[in-house]
Amino acid sequence: MDSNSFYSKLSDSQAAFTFDSVLLRPGKAIIEPKDADISTNFSKGIRLSIPFISSPMDTVTESRMAIAMARRGGIGVIHRNCSAEEELDMVKAVKRAESFIIRDVITIGKDKTVKDAFQIMQKHYISGLPVVENGKLVGIITNRDVRDEDPSARIADVMTKDVVTASDAISEADAVALMRKEKIEKLPVVGKDGSFEGLITYKDVKVKGKYKNALRDNDGRLLVSAAVSPFDLDRAKALANVADQLLIDVAHFHNANVMSATKRIIDEIGKPVIVGNLGTREGVLDAMSQLDEGVAGLRMGLGSGSICITSDVTRAGSPTLYAVSQAAGALEELGVKGVPVIADGGMKNGGDAALAFAFGADAVMFGYVFAACDESPTPILDIEGKQFKKHRGMGSKAARERGAIVDRYADSGGKKIAEGIEMLVPYKGRVDDVIDELVGEVKAAIGYAGKTSVAEMKQAQVLRSPPREKKQV
Ligand code: XMP
């Protein structure tokens, strides 16, 4: 190092601008904002109807949130702060929801108790269980039976034995007609020999028609993504054929060990993965050169999340807008098309999302915003007449104590430092309503910027503006 490089270090540095320091420069609107096209890409293979993703955090995305996101045309990334089996179960629950004939059905044995049935139903958010013995359907038990019967009663003694069934050749319309005629909510599918083959539920068939922009696979099942560690090949392999997109979830992806472990996962599963988090041009260039076609998307932003304290305790970080612009610039430099850039961390509304699009993001990931909704995994807390939900960083002490996510953060030797905090967020109700609000804000922002779509927002101009006063929450 020569002395000049010390003297000029600060003056040569780049500005780490973020949401509070810029505004969209207004432009002439040629369409009404309501007509703006907000479809975009989540990964190489997945197109979203709305540009929103729920973050893989244990206070944000489990199956309920992922189902709600996919119904609206966004996507949820199931968190990994749990065992591989639990994560797989959550992914499967999303794939089960709304398929016409559910194949991977949760069942119960006739010698179990009503209490067992209650616990299984609660855990999986389901309202009835086919009773199966040696692969054959012998009865059905619903939440009504469970509610009215003695918890210690045997399933065999309280189940409905005379079950209305269908063969798997039944059409959707015929199944609905049969369930209406018989006044039943669940229609088990059985083979000629009485073998249990699947389940049709009235609710799923009806809900399916309600969400026109839902994200579905070729079999009509909702799409879901799952977070994995780069160092857990077994979990990645188990999830790769069930989840629609894997996302490598570490705090600092630009790390030699992380990148080579990710390469191994990509080679083993034979599918591209979303990588992150990254914060710089160099990080993106390295990831692209090492992993090439294996990169399905880039998750950008380091230390800017609502619950992040990485930039406080380490004084390192890449604010989300800066990080996004680095990724978009690097991809442009490489001439790479079709690798989506995901902005992640610190966004509170559709306006923040619109700024991220202007700096090169294709889609945005929210933690804080969705943690506040009914569908997040935590209970509503009543505090002095106000309602809240909990949100916490995956590097917080409490999240690390759950044990499964310690390798999200690099080993700095000695005592593990906390890189996240726990906080309360004001409760906001159903995610459907919150998404409506976000959609309205994004479309209005596109209108002000004089653009017609999320994709076109990359050409929006911005203004430097002094930080605005923060609102107290
Ligand atoms: P928001 O602001 O939407 O941010 O809640 C969610 C994103 O924050 C990241 N994340 C963390 N970052 N320490 C960090 O520095 C943490 O403990 C932590 N937990 C989550 C993550 O990228 C997430 O999507």
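Both ligands and their constituent atoms are indexed starting at 1 by order of listing. Everything quoted here is computed from the prediction, not taken from an experiment.
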**Q** Within ligand 1, which atoms have a heavy atom of Ser55 less than 4.0 Å away?
**A**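 This gives 23 (C), 24 (O) as the contact atoms.
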
**Q** I'd like to check which ligand 1 atoms, numbered from 1 as shown, lie under 4.0 Å from a non-hydrogen atom of Gly393.
**A**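 The atoms of ligand 1 under 4.0 Å from a heavy atom of Gly393 are 16 (C), 17 (O), 18 (C), 19 (N).
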
**Q** Within a distance under 4.0 Å of any heavy atom of Ile307, pick out the atoms of ligand 1 and give their elements.
**A**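 Those of ligand 1 that fall under 4.0 Å from Ile307 are 8 (O), 10 (N), 11 (C), 18 (C), 19 (N), 20 (C).
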
**Q** Show the atoms of ligand 1 that are less than 4.0 angstrom away from any heavy atom in Met365.
**A**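 What qualifies from ligand 1 is 24 (O).
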
**Q** Any chance the rings of Tyr322 and Phe359 have centres within less than 6.0 Å?
**A**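 Judged by ring-centre distance (under 6.0 Å), Tyr322 and Phe359 do not meet the cut-off.
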
**Q** Go through the steps for Ser453 and Glu456 under the test side chain to side chain donor-acceptor pair (under 3.5 Å), then give the verdict.
**A** CA-CA 5 Å; Ser453 64; Glu456 217 181 83; 4.7 Å; no

**Q** Purely on distance, is any nitrogen or oxygen of Arg392 under 3.5 Å from one on ligand 1?
**A**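 By distance alone, the answer is no.
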
**Q** Do me a favour and list the nearest non-hydrogen protein atom to atom 19 (N) of ligand 1 with residue, atom name and distance?
**A**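 Looking only at protein heavy atoms, the one closest to atom 19 (N) of ligand 1 is Met394 N, 2.7 Å.
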
**Q** Considering only the protein, which heavy-atom contact is closest to atom 16 (C) of ligand 1, and what is its distance?
**A**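 The closest one turns out to be Tyr409 OH, 3.1 Å.
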
**Q** Above 12 or not: heavy atoms from other molecules or residues under 6.0 Å from CD of Glu333?
**A**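 Enclosed.
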
**Q** Taking atom CD1 of Ile78 and atom CE of Met57, what is their separation to the nearest 0.5 Å?
**A**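 It is 14.5 Å, given to the nearest 0.5 Å.
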
**Q** Take Ile38 and Val439 through the side-chain contact (heavy atoms from CB on, under 4.5 Å) test and state the conclusion after the steps.
**A** CA-CA 8 Å; Ile38 58 166; Val439 166; 3.9 Å; yes

**Q** Hey, could you give me the CE/OG distance between Met300 and Ser318, rounded to the nearest 0.5 Å?
**A**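 The CE atom of Met300 sits 6.0 Å away from the OG atom of Ser318.
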
**Q** Under 4.0 Å from a heavy atom of Tyr368: which atoms of ligand 1 are those, numbered in the order shown and with their elements?
**A**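 Result: 1 (P), 3 (O), 5 (O).
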
**Q** Numbering the atoms of ligand 1 from 1, which are under 4.0 Å from a heavy atom of Gly346?
**A**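 Reading through ligand 1 atom by atom, the close ones are 1 (P), 2 (O), 4 (O).
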
**Q** In the protein, what heavy atom is nearest to atom 13 (N) of ligand 1, and what distance, to one decimal place, separates them?
**A**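 In this structure, atom 13 (N) of ligand 1 has Glu419 O, 2.5 Å as its nearest protein heavy atom.
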
**Q** So which heavy atom in the protein is nearest atom 15 (O) of ligand 1, and how far is it from that ligand atom?
**A**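 Looking only at protein heavy atoms, the one closest to atom 15 (O) of ligand 1 is Thr310 OG1, 2.5 Å.
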
**Q** Can you tell me which residue and heavy atom of the protein come closest to atom 3 (O) of ligand 1, and the distance to 0.1 Å?
**A**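 Here the nearest protein heavy atom works out to Gly367 N, 2.7 Å.
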
**Q** Please answer whether the main-chain N or O of Gly294 pairs with a side-chain N or O of Asp292 as donor and acceptor at a distance below 3.5 Å.
**A**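 Side chain of Asp292 to backbone of Gly294, a donor-acceptor pair under 3.5 Å: no, none is there.
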
**Q** So, Ser396 versus Glu422: side-chain donor-acceptor pair below 3.5 Å or not?
**A**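 No donor-acceptor contact under 3.5 Å links the two side chains.
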
**Q** To the nearest 0.5 Å, what is the distance between CE (Met365) and OG (Ser54)?
**A**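 Separation between the atoms: 7.5 Å.
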
**Q** Would you find more than 12 non-hydrogen atoms of other residues, nucleotides or ligands less than 6.0 Å from Lys348 atom NZ?
**A**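 More than 12 heavy atoms, drawn from other residues, nucleotides or ligands, come within 6.0 Å of this atom.
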
**Q** For His391, which part has a heavy atom under 4.0 Å from ligand 1: side chain, backbone, both, or neither?
**A**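 Just the side chain.
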
**Q** Under 4.0 Å, heavy atoms only, figure out whether ligand 1 is touched by the backbone of Val369, its side chain, both or neither.
**A**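 None of Val369 does.
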
**Q** For atom 4 (O) of ligand 1, which of Ala399, Gly301, Gly305 has the closest heavy atom?
**A**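 It is Gly305 whose heavy atom sits nearest to atom 4 (O) of ligand 1.
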
**Q** Which heavy atom of the protein is the closest neighbour of atom 22 (O) of ligand 1, given with residue, atom name and distance?
**A**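 For atom 22 (O) of ligand 1, the nearest protein heavy atom is Asp344 OD2, 2.4 Å.
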
**Q** Rounded to the nearest 0.5 Å, how far apart are OG1 of Thr452 and NZ of Lys443?
**A**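 Thr452 OG1 to Lys443 NZ: 12.0 Å, rounded to 0.5 Å.
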
**Q** Starting from atom 12 (N) of ligand 1, which protein heavy atom do you reach first, and at what distance in Å?
**A**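 Atom 12 (N) of ligand 1 sits closest to the protein heavy atom Cys308 SG, 2.5 Å.
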
**Q** Kindly determine whether Ser376 and Lys389 satisfy side chain to side chain donor-acceptor pair (under 3.5 Å), including the steps that lead there.
**A** CA-CA 9 Å; Ser376 74; Lys389 284 205 138 198; 2.9 Å; yes

**Q** Between Ser306 and ligand 1, which part of the residue brings a heavy atom under 4.0 Å of the ligand: side chain, backbone, both or neither?
**A**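 It is both backbone and side chain that touch ligand 1.
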
**Q** Which value, rounded to the nearest 0.5 Å, describes the distance between Leu215 atom CG and Asp244 atom CG?
**A**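 Output value for this atom pair is 8.5 Å.
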
**Q** Does Glu375 use its side chain to pair, donor to acceptor, with the backbone of Val431 at less than 3.5 Å?
**A**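 Indeed, once roles are kept as given, a pair shorter than 3.5 Å links the two residues.
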
**Q** Which ligand 1 atoms does Asn277 reach within 4.0 Å, using its non-hydrogen atoms?
**A**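 With Asn277 as reference, the close atoms of ligand 1 come out as 22 (O).
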
**Q** Around atom 17 (O) of ligand 1, find the nearest protein heavy atom and jot down its residue, atom name and distance.
**A**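 The answer is Gly395 N, 2.7 Å.
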
**Q** For Arg408, take its heavy atoms, then give the atoms of ligand 1 lying under 4.0 Å from any of them.
**A**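 So the atoms of ligand 1 that pass are 21 (C), 22 (O).
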
**Q** Just heavy atoms, cut-off under 4.0 Å: does Met300 contact ligand 1 by side chain, backbone, both, or neither?
**A**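 Near ligand 1, Met300 shows nothing, with every heavy atom at 4.0 Å or more.
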
**Q** Indicate, as side chain, backbone, both or neither, the part of Phe366 found under 4.0 angstrom from ligand 1 when only non-hydrogen atoms are considered.
**A**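 Backbone only.
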
